[in-house]
Amino acid sequence: MEELGKVKKIRDLMCGRFTLYDFSKSKLNIKRKVIPNYNIVPNSNVLVIDRNNRITQVKWGISVSWSKKINIINARSETLDEKKIFSKTQRCIFLANGYFEWKRDKVKTPYYHTFRNNMLYFAGIKNGDEACIVTRQSYSNTNIIHERQPVILDYLDFDKWFLKNHNFECLNTKNLLIFRVSTEVNNPRNNTINNILKK
DNA sequence: CCAGACGTTGTT
DNA sequence: GTCTGG
DNA sequence: CCAGACGTTGTT
DNA sequence: GTCTGG
């Protein structure tokens, strides 16, 4: 697995309001150029930090040998330690500038969740070069859109996460900006900045 | 023993 | 493929 | 999830 | 751009 950078260089990644970083089309040095991806879908390439503070590229979604249908893109924090399928995974941290969630009424309306000035760090677990996002019950502000959300880590809590001392609380959730975006994001082929602009 | 599960969210 | 509950 | 349709029969 | 069948 190619090392793409160190955590201390994290600011270098913040050169756009991307959803997650995608290096699928070329092997790029983070410091030079990043291909923005405004519509990450399962099996996309994403960047994670591993427990050695290395940034690596992995596939979003953990597959299993015995089924082609199962592609695990989320893991419930409530049962993370019970599920045998996660027993051999390692903890990691997803780099993101935000995430989409759909409010489901009669129709599905997409919303974007982001911080004003900072990246988002999602609690994740990985198995080799595949990883998934750890989720939890939403807080009062995110629950308006959807009942589940990623566990969003603070930069200072990275070690807690890697050492399994993190309790899945993420009070930083209250600082999220949440706004409606165009339904263009519903189609993975639409991969432009319009996906994350306030509608 | 062995049938049935094995993970989540309904995409993101 | 491997574990587990009945 | 995600490829393929989304129309019809002129044509294939 | 959005829905659906597998």
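Keep in mind the model is a prediction, meaning the values are calculated, not measured. Per chain, numbering begins at 1; letters A, B, ... match sequence-line order.
Ring pair A:Tyr121/A:Tyr155 is tilted by interplanar angle, where 30° to 60° counts as tilted. Using a 30° and 60° split on the angle between ring planes, A:Phe158 and A:Phe162 fall in the perpendicular class, above 60°.
Nucleotides D:dG10 and E:dT2 have their P atoms positioned 33 Å apart, rounded to a whole Å. Nucleotides E:dG1 and D:dT9, compared at atom P, are 29 Å apart to the nearest Å.
The interatomic distance linking A:Asn186 (CG) with E:dG1 (P) rounds to 10 Å, in whole Å. Summarising the geometry, the separation between NZ on A:Lys108 and P on B:dT9 is reported as 15 Å, rounded to the nearest angstrom. Rounded to an integer number of Å, the gap from A:Glu82 CD to C:dT4 C1' is 14 Å. Summarising the geometry, the separation between CZ on A:Phe86 and P on B:dT8 is reported as 5 Å, rounded to the nearest angstrom. Distance A:Tyr99 OH to B:dT9 P: 12 Å, rounded to the nearest Å. Rounded to a whole Å, the NZ atom of A:Lys84 is 11 Å from the C1' atom of C:dG5. In this structure, the CD1 atom of A:Ile125 is 10 Å from the P atom of B:dG7, given to the nearest Å. The distance between atom CG of A:Asn74 and atom C1' of B:dC6, rounded to the nearest whole Å, is 17 Å.
The phosphate of B:dT8 (OP1 or OP2) has no side-chain N or O of A:Thr135 nearer than 4.0 angstrom. Contact between the side-chain N/O atoms of A:Arg76 and the OP1/OP2 oxygens of B:dT8 is not found at any separation under 4.0 Å. Distances shorter than 4.0 Å separate some side-chain N or O of A:Lys83 from OP1 or OP2 on B:dG7. Using a 4.0 Å cut-off, no side-chain N or O of A:Ser87 falls inside it from OP1 or OP2 of C:dT2. For A:Thr183, a side-chain nitrogen or oxygen approaches OP1 or OP2 of E:dT2 to under 4.0 Å.
Side chains of A:Ser138 and A:Glu147: a donor-acceptor N/O pair is absent below 3.5 angstrom, by distance only.
Nucleotide E:dG1 is matched to D:dC6 when pairs are restricted to Watson-Crick or G-U wobble geometry with both distances under 3.5 angstrom.
With distances taken from any side-chain atom of A:Glu184 to the nucleotides E:dG1, B:dT9, D:dC2, the minimum falls on E:dG1. Comparing atom distances between the A:Ile85 side chain and each of B:dC6, D:dC2, E:dG1 picks out B:dC6 as nearest.
No side-chain donor-acceptor contact under 3.5 Å links A:Lys126 to the backbone of A:Arg91.
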List the steps and the verdict of ring pair (Phe, Tyr, Trp, His ring centres under 6.0 Å) for A:Tyr99 and A:Tyr112.
CA-CA 6 Å; A:Tyr99 68 95; A:Tyr112 190 62; 7.9 Å; no

